[in-house]
Amino acid sequence: MAGLVKWRDADSRSITNLSDGHRVKLIGWVFTKRVHSNKVFFMLRDRYGYIQLVGDSERLGDAFKQVSEIPVESAIAVEGVVKRDPRAPGGVEVHIDKVDVVARADVWPITPSVAKSPEAMFDLRHLTIRGPKSRAVLLTRSALVQAAWEYFVNNDYVLITAPTFITSAVEGGATLFELKYFDRKAYLTQSSQFYEEAAICVFEKVFVMQPSFRAEKSRTRKHLTEFLHIEAEVAFADHEDIMDVEEELVKYIVNRLNELVPKEVEYVRGSRLPDIDSRFERISYDEAIEILQRKGFDISWGEDFGADEERALSEEFDVPFFVYGFPTVTRSFYHMDDPTRPEVTLSSDLMAPEGFGEITSGGQRIHEYDYLLSKIRRMGLNPEEYGWYLEIRKYGMPPHSGFGMGVERVLRWLLHLPHVRDATLFPRTPSRLYP
RNA sequence: GCCGCCGUAGCUCAGCUGGUAGAGCACCGGGCUGUUAACCCGGGGGUCCCCGGUUCGAGUCCGGGCGGCGGCGCCA
């Protein structure tokens, strides 16, 4: 921090505590500019927000013309005095008498009409992220990750990092990104789950926060080809236990966001996040099917929910809820079958309410070697591709459960964003690989 | 992979039954004592996505391709 003092001794946030006439040095970027014959108004943007700068020809003298010609988005350092004025946005402004252009900007390409075009905005994402909405979303994202981190660390979890290059699929093989790994084929990871399962035999409780990659050509508002995946895995834990963890985590995140970034949430969402204190309802897959049939959907037991079904179901709730006990045929091989009802698995999805749908997915994993081997064979997969993953079952693997959460999906739900691509700095979709 | 919509100025879009291209924003010049997407006056700016066809003539009609968007399936 000491290094910054030569540049600034106040900022857009701290300035509201200073009295009129206080002299300040500020740094930032010219967010907007309005020029009159003898006055210029800048909105200065810095890390904390916005503050209006006023330059008038009397105070600036000969420099006025030069100052009024500073292009939008130039980086500047200014000196001036604090002045409260009801006409200033936020009620405080700085009357400047000294301006340094630290880095002059070219003509700013983002115009009001560009802002109306999502494609144009994402083509210029390296610049459009400077806007107030992206700023608020990305700050909220940072706070969300912080909150999740806090939850895990406070509860004695250990952070691990899993490899990004892998050799076999966790989810369906069709959605693997293939790449050249010297003279071999490798893939980008879809999930760190298998590596977490190895690590729980050291730490009992582990979590990861890292990207997962899925080559799904999904044209929807809830899919990215690269997303931030928060996953956790817990030893000596059953399916009920892991639903408790997911519920606690989501509640912790929501309540913490209200503390960390209340203004940003309100700016984007239009309202404060409602506190969640009620217990998340847990409905079985069978109940969900009945609800949907009652609502007139043509769906029968054993089918996975389509988008319409998921939306309709989640509109029935105003806080998140679990759907558990999905049919064995609809879930990946590693899910443990319910011992009392082998046609369903000990698995669940946590659904965001109000039509947003799935935000986490979890369940109990198979921990016995012979059981897992037979299920791999039953589902037509090749056991040789799961060598080490099977082998850890030979060396003291206790019952265990885990889940994965899509950060962009949670953020989309919490902030009511139109698309998950709005929830990340540089989104990757089937058609977008740049910038 | 499937279904639907779209492609004209940097951006948003208009362009009728085919007759040789327009507006707003942005940009440039000028004006303006307090702006909140400032305003007022003036100016420059085009491979009408590509290829082929019909026609005296295609932004417009027909065929094919490419690209984008929305949705489905799949998922976090």
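The sequence lines fix the lettering, A, B, ..., with proteins before strands; numbering per chain opens at 1.
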In this structure, how many angstroms lie between the P atom of C75(B) and the CD atom of Glu358(A), rounded? 8 Å
Which of the following nucleotides, C74(B), U35(B), G70(B), is nearest to the side chain of Arg87(A)? U35(B)
To the nearest angstrom, how far is Phe213(A) atom CZ from A76(B) atom P? 16 Å
Using the P atom on both, measure G22(B) against G45(B) and round to a whole Å. 12 Å
Reckon His36(A) has a side-chain N or O less than 4.0 Å from the OP1 or OP2 of C32(B)? no
Mind checking side chain to side chain donor-acceptor pair (under 3.5 Å) for Ser278(A) and listing every partner two or more places apart, or none if nothing turns up? none
Could you tell me how far U35(B) sits from C39(B) if I compare only their P atoms? Round to whole Å. 12 Å
Regarding Ile110(A), tell me which of base, sugar-phosphate or nothing describes its non-hydrogen contacts under 4.0 Å with the strands shown. nothing
Who pairs with Arg421(A) by salt bridge (Lys or Arg N to Asp or Glu O under 4.0 Å), at least two apart in sequence or on another chain? none
With sugar-phosphate meaning primed atoms plus P, OP1 and OP2, does Ser212(A) contact a base, only sugar-phosphate, or nothing at under 4.0 Å between heavy atoms? nothing
Answer with yes or no whether Glu93(A) presents, from its side chain, a donor or acceptor under 3.5 Å of a partner atom in the base of G34(B). yes
What string of B, S and - do you get for nucleotides 7-14 of chain B, 5' to 3', when a contact is any protein heavy atom under 4.0 Å? ---BBS--
Can you tell me the pairing partner of U47(B) across any strand shown, Watson-Crick or G-U wobble, with both distances under 3.5 angstrom? none
Just the rounded figure in Å: distance from C1' of C3(B) to CZ of Arg219(A). 12 Å
The side chain of Arg421(A) lies closest to which of these nucleotides: C27(B), G70(B), G34(B)? G70(B)
Mind checking if Gln52(A) touches a base, just sugar-phosphate, or nothing, with heavy atoms under 4.0 Å? base
Note: for His95(A) and Ala307(A) on RNA chain B, the residue whose nearest nucleotide lies more 5' is His95(A)
Distance between the P atoms of U54(B) and G15(B), in whole angstroms? 28 Å
Once side chain to side chain donor-acceptor pair (under 3.5 Å) is applied, do any residues pair with Ser113(A), and if so which ones, sequence neighbours excluded? Thr111(A)
Taken in chain and number order and not counting sequence neighbours, the residues that satisfy salt bridge (Lys or Arg N to Asp or Glu O under 4.0 Å) with Asp275(A) are Arg272(A)
Base, sugar-phosphate alone, or nothing: which one does Ser361(A) contact when heavy atoms must sit under 4.0 Å apart? sugar-phosphate
When all nucleic acid strands are considered with a 4.0 Å heavy-atom cut-off, which category describes His229(A): base, sugar-phosphate, or nothing? sugar-phosphate
When you measure from every atom of RNA chain B, which of residues 74-83 of chain A have a heavy atom less than 4.0 Å away? none
Using a heavy-atom cut-off of 4.0 Å across all strands, would you classify Glu226(A) as base, sugar-phosphate, or nothing? nothing
Does Ser37(A) or Pro86(A) map to a spot on RNA chain B nearer the 5' end, using the closest nucleotide for each? Ser37(A)
Looking at Arg214(A), I'd like to know whether one of its side-chain N or O atoms comes within less than 4.0 Å of OP1 or OP2 on C74(B). no
Quickly work out the Glu408(A) CD to C75(B) C1' distance and round it to whole Å. 14 Å
Assigned partner base of A37(B), Watson-Crick or wobble definition, under 3.5 Å: none
Using a heavy-atom cut-off of 4.0 Å across all strands, would you classify Arg311(A) as base, sugar-phosphate, or nothing? sugar-phosphate
Could one point to a donor on the side chain of Ser218(A) or the base of C75(B) with an acceptor on the other under 3.5 Å away? no
Look through every strand shown and name the nucleotide pairing with A26(B) as Watson-Crick or G-U wobble, where both distances are under 3.5 Å. none
Name the nucleic acid region contacted by Asp304(A), choosing base, sugar-phosphate or nothing; use a 4.0 angstrom heavy-atom cut-off, strictly under. sugar-phosphate
With Arg84(A), which residues qualify under salt bridge (Lys or Arg N to Asp or Glu O under 4.0 Å), at least two apart? Asp20(A)
His335(A): side chain to side chain donor-acceptor pair (under 3.5 Å) partners, not counting sequence neighbours: none
Kindly state whether the ring of Phe321(A) and the ring of Phe280(A) have centres lying under 6.0 angstrom apart. no
Applying side chain to side chain donor-acceptor pair (under 3.5 Å), name anything that partners Asp46(A), two or more places apart in sequence or on another chain. Ser12(A)
Quick check: does any side chain N or O of Thr429(A) sit under 3.5 Å from a backbone N or O of Arg432(A), one acting as donor and the other as acceptor? yes
Donor-acceptor pair, distance only, cut-off 3.5 Å: does the side chain of Gln293(A) make one with the backbone of Ile299(A)? yes
Atom pairs under 3.5 Å: protein N/O with N/O of nucleotides 41-50 of chain B:
none

I want to check one thing: is the phosphate of U33(B), taken as OP1 and OP2, less than 4.0 Å away from some side-chain N or O of Lys39(A)? no
Criterion side chain to side chain donor-acceptor pair (under 3.5 Å) against His400(A), the qualifying member of Arg365(A), Glu197(A), His367(A): Glu197(A)
Carefully, step by step, assess Arg141(A) and Glu408(A) under the rule salt bridge (Lys or Arg N to Asp or Glu O under 4.0 Å). CA-CA 8 Å; Arg141(A) 178 185 163 107; Glu408(A) 291 82 4; 2.9 Å; yes
Whole-Å distance, Asp308(A) CG to C3(B) P, equals 18 Å
The criterion is salt bridge (Lys or Arg N to Asp or Glu O under 4.0 Å); which residues satisfy it with Asp318(A), sequence neighbours excluded? none
Reckon Lys222(A) touches a base, only the sugar-phosphate, or nothing at all at heavy-atom distances under 4.0 Å? base
Under 5.5 Å between ring centres and under 30° between planes: true for Phe227(A) and the base of A76(B)? yes
Could you give the distance separating C48(B) and G34(B) at their C1' atoms, to the nearest angstrom? 44 Å
Spacing between Asp422(A) atom CG and G70(B) atom P, to the nearest angstrom: 10 Å
What contact category does Glu310(A) fall into here, base, sugar-phosphate, or nothing, at under 4.0 angstrom with non-hydrogen atoms? base
Could you check which nucleotide pairs with G73(B) in any of the strands shown, counting Watson-Crick or G-U wobble with both distances under 3.5 Å? none
Indicate every side-chain donor-acceptor pair of residues 153-161 of chain A with a distance under 3.5 Å to a residue at least two apart or in another chain.
from, atom 1, to, atom 2, distance (Å)
Asn154(A), ND2, Glu150(A), O, 3.1
Asn155(A), ND2, Tyr151(A), O, 2.7

Return the value, rounded to whole Å, for the distance between atom CZ of Arg331(A) and atom P of C74(B). 12 Å
Rounded interatomic separation in angstrom, taking CZ from Phe41(A) and P from A37(B): 14 Å
Tyr285(A) and Phe305(A): aromatic ring centres closer than 6.0 Å? yes
Are the side chain of Asp338(A) and the backbone N or O of Gly325(A) linked by a donor-acceptor pair below 3.5 Å? no
Give Val35(A) one of three labels, base, sugar-phosphate or nothing, depending on what nucleic acid heavy atoms sit under 4.0 Å from its own. base
Across all strands shown, which nucleotide pairs with A58(B) by Watson-Crick or G-U wobble geometry, both distances under 3.5 Å? none
